[in-house]
Amino acid sequence: MQYFDKVVYTFSADNEPTGTIDSGEIVIFRTQDCFSNQMHSESQLVTSCDYSKMNPATGPLFVRDAQPGDVIKVELLDVQCDPIGTTTLPKIGPLWDKCETRTKRIPSRTARPSSMM
């Protein structure tokens with residue numbers, strides 16, 4: 001089993017694969033939140049984040065023997081979330097100009113497919 005945690009900030013055919021797997025291989029992706037793990041407390045505002053590192057995606061991954069135009073089936077076997085999530089949305093919603101920008105840390109629960117319980 002291989003683990004992957006390299007992230008990219010743009011979707012492009014030019015992104016180099018983070019690794020190579022065989023068809024059918026089980027892999028683990030370690031991901032980051034949409035802020036690239038830059039938010040650590042409620043006193044921190046999203047305006048302090050590096051916006052060039054927002055919305056990271058883990059990968060890409062090269063699948064041996066896959067050819068351009070092939071369809072690749074992916075099964076999601078498990079999802080585990082960090083125990084704390086962060087929300088902060090400046091300039092969003094109908095009253096954004098009437099509200100101050102704030103950060104809220106929220107306990108989260110991991111959702112698992114019923115077949116995994």
(request) Report whether Phe4 and Ile72 are members of the same hydrophobic cluster (ILVMFWY, side-chain heavy atoms less than 4.5 Å apart, transitive linking). (result) yes
(message) Please give the remaining members of the hydrophobic cluster of Tyr9, linking ILVMFWY side chains under 4.5 Å, ordered by chain and number.
(response) Val7
(request) Quick one: list whatever passes side-chain contact (heavy atoms from CB on, under 4.5 Å) with Ser41, sequence neighbours left out. (result) Ser43, Gln44
(request) Apply side chain to side chain donor-acceptor pair (under 3.5 Å) to Arg105 and list each qualifying residue two or more places apart in sequence or on a separate chain. (result) Thr86
(message) So Leu61 and Pro17, do their side chains get closer than 4.5 Å, heavy atoms only?
(response) no
(message) Starting from Met39 and following side-chain heavy-atom contacts under 4.5 Å between hydrophobic residues (I, L, V, M, F, W, Y), which residues can be reached?
(response) Phe35, Val46, Tyr51, Met54
(message) For Thr31, run the side-chain contact (heavy atoms from CB on, under 4.5 Å) check against Val79, Asn37, Thr58 and tell me which one passes.
(response) Thr58
(request) Would you check if the side chain of Asp65 reaches a backbone N or O of Ser23 as a donor-acceptor pair within less than 3.5 Å? (result) no
(request) May I ask you to decide if Leu45's main-chain N or O and Thr101's side chain share a donor-acceptor pair within less than 3.5 Å? (result) no
(request) Drop me the distance from Gln32's CD to Asn55's CG, to the nearest 0.5 angstrom. (result) 11.0 Å
(request) State, with a plain yes or no, whether a side-chain heavy atom of Phe62 is found less than 4.5 Å away from one of Ile21. (result) no
(request) For residues 4-21, pull every pair meeting salt bridge (charged side-chain N to carboxylate O under 4.0 Å, His left out), keeping only residues two or more places apart or in separate chains. (result) none
(request) For residues Pro107 and Ile84, report the shortest heavy-atom separation together with the two atoms involved. (result) CA-CD1, 4.0 Å
(message) With a 4.5 Å cut-off on side-chain heavy atoms, are Gln38 and Asp50 touching?
(response) yes
(request) May I ask you to check whether over 12 heavy atoms, not counting those of Ile106, lie within 6.0 Å of atom CD1? (result) yes
(request) Decide yes or no for Ile28 and Met1: does some side-chain heavy atom of the first lie under 4.5 Å from some side-chain heavy atom of the second? (result) yes
(message) Nearest 0.5 angstrom please: Gln80 CD to Ser108 OG, how far?
(response) 11.5 Å
(request) Output every pair passing salt bridge (charged side-chain N to carboxylate O under 4.0 Å, His left out) with a member in residues 17-28, not counting sequence neighbours, ordered by first then second residue. (result) Asp22-Arg64
